[in-house]
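Numbered from 1 within each chain, the chains take letters A, B, ... in sequence-line order.
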Amino acid sequence: MSSIMRPLIAVVAVTAAVAAASPLHAASEADFSVAYAAAEAANKQAGALRNQWTTTAATLASAKKAAAEGNFDAAVAASKDAEALAKASIYQANEQKDAWREMEIK
Amino acid sequence: MNRPSETVDATRRMIVKGTAVLALIGFAGIRFGWSPAFAAANGKYPEDAFKQKSSEDAIKALYGKAAEASDKVKLDAPEIAENGAVVPIGVSTALADVTSISILVADNPNALAASYKIPAGTIPNVASRLKMAKTSNVIAVVEAGGKLYSATKEVKVTVGGCGG
Amino acid sequence: MASTIRVRATSSGETTEVQTLIQHPMDSGFVKDAKGEVIPPHFIQQLTFEHDGKTVFSADWGGAVAKDPYVKFAFKGGNKGDDLKISWVDNKGASDSTTAKIQ
Amino acid sequence: MGGRRRGDIGVRSAIRFALGIVALAALLGSASAAETPNPAADAAAFKKFFTDKFPKVKLEDFVNGPYSMDEGLHRQWQEKEQFPPYEFAVETGKEMFSKPFKNGKSYADCFPNQGIGVRQDYPYFDTKGGKVITLELALNQCREANGEPPFSYVKDEMAALTAYMAFTSRGKPFDIKIPDDPRALEAYESGKRYFYTRRGQLNFSCATCHVQSPGERIRAEVLAPALGILNAMPIYRSEWSGMGTTSRRFTTCNSQIRAVPLDPQDDEYRDLEYYLSYVSNGLPIAGPGARP
């Protein structure tokens, strides 16, 4: 439809189908807290760069919820998702430090 | 638990998840009983007509007869509504002895949106702003000389923005 | 409290054009609030315009009329300085009315 | 310790990097970063870009945003403007503006020309405090200076006050100044940087929508051009069925592209407003405005 729709379609098309691979053994609460801490730390770093994403926060919340329900496999998977999102938002902030000029009207 | 060394590719990886669902206020199908308002001075409030789901039933409840399409009824409505919350609708007609004009939104939870009484000496031309739940046919009905005439137009309605 | 009814009535000699904007939430009863609870129906059901003791226009409204509702119509007659009485009543029995001068 | 592979393999194979769209070729001029910032040249280039892109739109009509981009929307706007929904906000704002504070003073004492017809001079750079002062910040500073609690920046009271002040400036051209002070230039540059920086999971910048694609649709809405985009603030949006200030618009835009919004009057938002208003200098104030 136009250039605006291409990024939108590209983004929507990239859907994370988190593989529900059969776990060798169920993740434990300890695994969850480690994974969750890593995700939270990454998100805090994104916060320092003032570039957090709303989906990171949402994914962290769903991780916590899954853990609360005792479903630590899902909780660990969600924590890893959140960490990847946070890391990507960090990457975006650093990458944009110079890339923003690409679109500047001259 | 160590993780494979973070390569640039690893950090570039990102998950896109549609977790952030646009908080579109849902239109629940629940219908609440209308608390009966006392009839205003000029005739009873057509409670039953406003409770009907379909436009046909609403027209029958309001006028007791069906309407026939007529190009004498001019319905001014946008092709794409800028927003379902404020849809400007205008109805006018050259027909004589007009006594009532009503506007219905076929696919709203209740079809009848507004009904206007046009006493003698009042010009049959009304503009108002309605709410539409989704894309739907808008039907203008004019009662003239005891007969019912109608015009229909589809108005597209969808949410705006890029999804949040 | 200032009236909830804003009116512009202008006479062009033989006809008077009337525009009205009313401050009212017009809740249809189908919308949920941020907490997910349904906002109960609260909308103007009848609106009446009287000139010279005669009803020149009246509206029966449902929940599908937009918030801060607007209506425009015209009637034959009505001169500068005449009174135009506008009144509404909603499904909770609340009401308001005002008298405007035709310009 | 061999970490369990199952989660990682699943994650890696399932993820594709949407940021790949960063490779999307820059549509506009190459980024030959002229080091010394030149706001006047920026403003001229900004206006030229949009008047070239939309030759049929008169310069002053850019302040009507989407309504200057689409005939169907323009008609619906004309209908609304006959008796606009922001009418109540202007009246409430007028009442509030003249009601004295408990200490007897009023807003008129805080603003040049008693606050009438001054909206076009905001935001301005306060050389004493060394930062950008927006109309909303000035209003809250006035309240606090007179012992009154500040209003929320996104809620109705602030929108009513700014609606009335904008109304008294209708038609006056934006007249934003950048004083000869390196901090002012830095604030301007910071606003420009924010405007062009991609953020959020959708990886959009303000420019992605309002420079690359004005006039095009994102579902029901037509995107407004960046030129004159703040001239009609505050706005009554049908989407909100209510009034919204510039701060409300910035924060909701951020959430839509899945970026966590900053505080409503964060330095970067105020610098962004400073930049956007400056490059729209000369275009008339059209607030308060109605929008989809």
Side-chain angles (χ1 to χ4, degrees), chain B residues 23-47 49-51 58 62 83-90 100-105 108-133, chain C residues 14-22 26-34 36-52 54-78 85 87-95:
Chain B
L24 176 70
I25 297 176
F27 278 80
I30 311 162
R31 265 194 324 177
F32 275 71
W34 315 98
S35 62
F38 48 80
N42 57 9
K44 213 170 121 359
Y45 178 69
E47 194 103 40
F50 277 105
K51 277 195 225 168
L62 199 55
N83 191 289
V86 181
V87 184
I89 304 280
S100 165
I101 293 179
S102 295
I103 309 170
L104 303 102
V105 179
N108 264 2
N110 299 109
L112 182 58
S115 176
Y116 299 104
K117 293 192 181 59
I118 313 288
T122 297
I123 295 155
N125 183 335
V126 182
S128 41
R129 296 169 189 165
L130 304 183
K131 292 193 286 245
M132 290 178 64
Chain C
E14 337 92 59
T15 60
T16 301
E17 190 187 76
V18 181
Q19 289 182 68
T20 312
L21 190 74
I22 303 171
M26 300 302 284
D27 295 321
S28 61
F30 295 116
V31 177
K32 291 198 180 98
D33 61 20
E37 282 133 26
V38 175
I39 302 166
H42 179 209
F43 55 86
I44 291 173
Q45 293 191 317
Q46 286 192 311
L47 171 67
T48 316
F49 294 78
E50 281 153 48
H51 168 257
D52 219 352
K54 185 162 69 57
T55 299
V56 286
F57 186 75
S58 78
D60 293 327
W61 278 343
V65 174
K67 179 186 180 219
D68 298 337
Y70 165 82
V71 72
K72 177 168 124 179
F73 69 97
F75 67 94
K76 291 199 178 71
K85 183 169 178 291
S87 51
W88 59 259
V89 63
D90 70 19
N91 67 320
K92 289 187 173 165
S95 65

Please look at B:Asn108 and chain C and tell me whether the side chain, the backbone, both or neither of the residue comes under 4.5 angstrom of a heavy atom of that chain.
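It is the side chain, since no backbone atom gets that close.
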Can you tell me which portion of B:Val105 sits under 4.5 Å from chain C's heavy atoms? Options are side chain, backbone, both or neither.
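The answer is neither part of B:Val105.
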[X] side, atom [atom1]; [Y] side, atom [atom2] - distance, nearest 0.5 Å:
X: B:Lys131; Y: C:Lys67; atom1: NZ; atom2: NZ; answer: 9.5 Å
X: C:Trp61; Y: B:Ser128; atom1: CH2; atom2: OG; answer: 7.5 Å
X: C:Phe57; Y: B:Ile123; atom1: CZ; atom2: CD1; answer: 11.5 Å
X: C:Lys54; Y: B:Thr122; atom1: NZ; atom2: OG1; answer: 6.0 Å

Quick one: closest heavy-atom pair of [X] and [Y], and the distance?
X: C:Val65; Y: B:Ala114; value: CG2-CB, 4.4 Å
X: C:Gln45; Y: B:Glu47; value: NE2-OE2, 4.4 Å
X: B:Tyr45; Y: C:Phe43; value: OH-CE1, 3.6 Å
X: B:Pro119; Y: C:Val56; value: CD-O, 3.3 Å
X: C:Ala66; Y: B:Val86; value: CB-CA, 4.4 Å

Atom group of C:Ile44 that falls short of 4.5 Å from chain B, counting heavy atoms
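Neither part.
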At a 4.5 Å cut-off on heavy atoms, which part of C:Thr15 comes close to chain B: side chain, backbone, both, or neither?
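Side chain of C:Thr15 only, per the 4.5 Å heavy-atom cut-off to chain B.
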Are B:Lys117 and C:Asp60 within salt-bridge range, i.e. N to O under 4.0 Å?
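Salt bridge: yes.
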Among C:Ser87, C:Ala64, C:Gly62, C:Gly77, which has the most heavy-atom pairs under 4.5 Å with chain B?
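Looking at each of C:Ser87, C:Ala64, C:Gly62, C:Gly77 in turn, C:Ala64 comes out on top.
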Is the B:Tyr116-C:Phe73 ring centre distance short of 6.0 angstrom?
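No, ring centres 6.0 Å or more apart.
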